[in-house]
Amino acid sequence: MKLKSAIAIVAAGALAPAASVWAQGNPPPLAERTAQSDLPLEGSRGAMQIEHVSLSIAVHPSQKRIEGTGFYSVVPQADLSELQFDLDPRFIVSRVEIDSVEIASSDWGNPDGLLTITLPKPAFANEPVMVWIDYSGVPHEAINPPWEGGFVWSQTEDGQPWIATAVQGEGCDLMWPCIDHSSHRIDTLDLMVTVPDGLVAAGNGRQIGTYDNGNGTTTFQWQARDPSNYGIALQIGPYEVARRDYRSSYGNTIPLAFWHLPGKAEGAQRLLGEMAEQIAFMEATFGPYPFGDEKAGVAETPHLGMEHQTINAYGNGFRPEAYGHDWLLQHEFAHEWFANQLRNATVNHMWLAEGITTWTQPLYLEHARGRMFYDAEMWKLRQRVWSRVPLVPPEGELPDYSDREAMWGDDIYFKGSWIMHTLRYLVGDEALFPAITRLTYGTSNPVSGEIRPLTRTTDDFRAILEDITAEDLRWFFDAYFYEADLPRLDIRQDGAMVSFEWITPSDLPFEMPLEVRVGSSNRTLMMAGGRGEITLPSAEAHFLPDPDNRILKYDAAVDAWQNRETGD
C-alpha cells in the first residue's frame, strides 16, 4: 500500500472519541515477555528480516492513547508457515493483512506479547512478504524514565501536551510491532506521526513532509535508514526549531537541528554550537559522524535523555556547567557512534555502548580543558564501579538493568569506562584508538556516506585489539569482563625487598604491567605470570604502586565508602 494512503488511514480517525481499554488509573502490569529485550531469536521470529517498515502512529494526548499501523516488507530467511512480532499485549490488534489479503482473527493472536500470524500459504526463503498490522491502545507509561521506560505524558508550563518515549531497557514492543532484539536491523523506516494541530513531532532521519489533515490534526513524516529498534522514538511538543550547518573535515555538510520549547531558543543555539565542537572532536578521534546524510538532531524532552538515533532526547535544562559544556548533550551525542553505529549484539554486551560512551566524557574534557579534568572525571566514575557480577554475563543469561543488588546497570557505564582507561595504559593510544575505529566502522579508513551500522560483541573487540597489538589479551578480557571480582594487588615487603602479585578469579595469570614510584622516579614491572618485585633503596623508603591510577583494581577505601553509602 502507498505511504500516502497509510497516512490517511491513521489520520482519518486521529482524534475520534475512543474508550480506553482500561481505566487509566488501573493499567495492567507490564507483561513478562514485553519487559525483557533480547529474548532468544527462535522459531519464525529468528528467521525474519524486516527490510522496510512504514509506521503510522496517531497520538491522542488527552486519552494517553495511540492508534498505529505498521506496513512491513519481511524477507524470510527460511521457509515459514507463520510470522512473529514482539508487541505489548495491552494493545488490541484489529486487522492483519498478508500480501493485501486480510487474515481471519482466528489465524493470529497475541496473548503474551508474541504476536503470531499463521500465513494463508507458506512463505519461501528470500521471497518478500508484505504485512499490514493495525493496533491501538493505552501504552505502558514510564515509571522512571529513561531507566524504567515507556511513554512519558507530560505538559509544558502553559499546559500543552509534551510527550516522549524512552524504551531502551524494555524495547520497541512498547510502541509498535517489532523484533525486539539488539542484533535485529531494519533497513529503512518511514515514520508518520499524527498529532493535534499546534504540536510538532520530531523524528528519526530526514523530514519528508508535513500534512494538514483538515480535521484538527497534522501528520509529520520522517524517513531513516538503519534505525536501531529502541532508537525509534516519538518526541512531541509545541516545538520551535534552532538550526545550523556543520562543515565536516570529511568534506560533507551535516545539518544540525534542536527542537525546543518556546523561550529556549538561546539555549538551543548555544548547545548547537557545543554540538559542532563535539562533532569535530569525535570525528578527529574516532571517525566520521555516521548519519551525516540525515542530520544531527536533538529534542527537548520531559525526561533526562536517551540516544534516539539522529534525534537525541535532551532534558538537562540548558544549565551552564563548570565543565564548560553540557555533559548530557555530549554523552547522548557520543552514542551516535557507540549505540547507533556500533551496536551490541545482545544486552549482555551493552557495555560497548554505555562504557565507551561514558569514557568519551573524560576524553572530551581532556581535549577541551586539559589532563586534570580527565583525571578528576575518572575518579568520579571510579566511585561508582561495583563489580559484583560479571560485566558480560554468560550468553543466554539476561542481566537485570535495575537490580540494585548486582548494580550491573551502573557497571556497564562506569566499570566499562574504567576498562577503557586501563586499556589506554596497557596498549597505548596508538593501538586503542585505531581499534575503536575498526570496531565501530569495520574498517580503519571509514568514508562518510559509505557507513552502515555494525553489531558487535566483546570478543570482536578483543580480536581487533589482538590483531593490532599482536598480543594475546585473553587474560585481560577474562579478568575484567567475565569475572565479577576486580583484580587485587597483593603487596609483601621483606626489608628492602617488595613483591607484588595480581590475584584474580581467572585461571589465566593477570599480567598487567605495574608502575611503582620510588622517591621521585617510576619503575615498570612487567609482571610476568602476574608477579614482580623491586628492591628499595632502604627498608624505610616510600613506594607507591600505580601512582597515576591507571589500573582498575580492588580499592579497600572505595569499597568501604560504597558499603557505608549503601548500608551494606
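What you see is a predicted model; the values in this text were computed from it and never measured. Just so it is clear, the values below take in all heavy atoms, side chains as well, and ignore hydrogens, waters and symmetry mates.
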> Is the shortest heavy-atom distance from the side chain of V152 to the side chain of I163 under 4.5 Å?
Replying inline: no

> Side chain of N348, backbone of P394: donor and acceptor closer than 3.5 Å?
Replying inline: yes

> Is the backbone N or O of A142 less than 3.5 Å from a side-chain atom of E170, with the two atoms forming a donor-acceptor pair by type?
Replying inline: no

> In terms of side-chain geometry, is the basic nitrogen of D112 or R33 positioned less than 4.0 Å from the acidic oxygen of its partner?
Replying inline: no

>> Are the side chains of V392 and H349 in contact, using a 4.5 Å heavy-atom criterion?
In response: yes

> If you round to the nearest 0.5 Å, how far is CD of Q341 from NE2 of H335?
Replying inline: 14.5 Å

>> Which residues pass the salt bridge (charged side-chain N to carboxylate O under 4.0 Å, His left out) test with E307, not counting sequence neighbours?
In response: none

>> Is the shortest side-chain heavy-atom distance between E127 and P76 below 4.5 Å?
In response: no

>> Ignoring hydrogens and geometry beyond distance, is a side-chain donor-acceptor pair present between E354 and Q168 at under 3.5 Å?
In response: yes

> Tell me, do P89 and T34 make a side-chain contact under 4.5 Å, heavy atoms counted?
Replying inline: yes

> Stepwise, does the ring-ring contact (aromatic ring centres under 6.0 Å, His included) test hold for F338 with F286?
Replying inline: CA-CA 10 Å; F338 311 116; F286 302 111; 5.1 Å; yes

> Distance-only, no hydrogens or angles: does the H60 side chain make a donor-acceptor pair with backbone N or O of Q63 under 3.5 Å?
Replying inline: no

> Out of curiosity, L41 CG to D180 CG, how far, rounded to the nearest 0.5 Å?
Replying inline: 9.5 Å

> Side chain of D467, backbone of A463: donor and acceptor closer than 3.5 Å?
Replying inline: no

> Salt bridge check: are R452 and D226 linked by an N-O gap of less than 4.0 Å?
Replying inline: yes

> Heavy atoms, side chains only, cut-off 4.5 Å: are E82 and I117 in contact?
Replying inline: no

> Does the separation of the ring centres of F258 and Y314 fall below 6.0 angstrom?
Replying inline: yes

>> Angle between ring planes, Y72 versus F85, binned at 30° and 60°: parallel, tilted or perpendicular?
In response: tilted

> Would you say E300's side chain and L261's backbone share a donor-acceptor pair under 3.5 angstrom?
Replying inline: yes

> Do the rings of F461 and W351 sit parallel, tilted or perpendicular, given the 30° and 60° boundaries?
Replying inline: tilted

> Is R225 salt-bridged to D293, going by a charged N under 4.0 Å from an acidic O?
Replying inline: yes

> Applying the side chain to side chain contact (heavy atoms under 4.5 Å, CB included) test to L83, which of L115, I98, T118 qualifies?
Replying inline: I98

> Roughly how far apart are W147 CH2 and M306 CE, rounded to 0.5 Å?
Replying inline: 9.0 Å

>> Does R462, at its CZ atom, have more than 12 non-hydrogen atoms belonging to other residues, nucleotides or ligands within less than 6.0 Å?
In response: yes

> Among T455, D460, D459, which residue meets the side-chain hydrogen bond (donor to acceptor under 3.5 Å, both in side chains) test with T457?
Replying inline: D460

> Partners of D485 by side chain to side chain contact (heavy atoms under 4.5 Å, CB included), sequence neighbours excluded?
Replying inline: P505

> Should R45 and D86 count as an ion pair when the cut-off is N to O under 4.0 Å?
Replying inline: yes

> Any sub-3.5 Å donor-acceptor pair from H184's side-chain atoms to C178's backbone N or O?
Replying inline: no

> With side chains defined as the heavy atoms from C-beta onward, is the minimum distance between P196 and T217 less than 4.5 Å?
Replying inline: no

> How would you list, by chain and number, every residue that makes a side chain to side chain contact (heavy atoms under 4.5 Å, CB included) with Q36, sequence neighbours excluded?
Replying inline: L39, L398

> Does the side chain of Y441 reach to within under 4.5 Å of the side chain of W337, using non-hydrogen atoms?
Replying inline: yes

>> Under a 3.5 Å distance rule, please check whether D403 uses its side chain to pair with a backbone N or O of M407 as donor and acceptor.
In response: no

>> Below 30° counts as parallel, above 60° as perpendicular, anything between as tilted: where do the rings of W153 and F151 land?
In response: parallel

> What distance separates L352 CG from R456 CZ, expressed to the nearest 0.5 Å?
Replying inline: 9.5 Å

> Between Y413 and H331, what is the ring plane arrangement, given parallel below 30°, perpendicular above 60°, and tilted in between?
Replying inline: parallel

> Can you tell if the side chain of V101 reaches within under 4.5 Å of the side chain of K121, non-hydrogen atoms only?
Replying inline: no

>> One pair to check against side-chain hydrogen bond (donor to acceptor under 3.5 Å, both in side chains): W132 and D134. What are the steps and the verdict?
In response: CA-CA 7 Å; W132 182 285; D134 288 340; 2.9 Å; yes

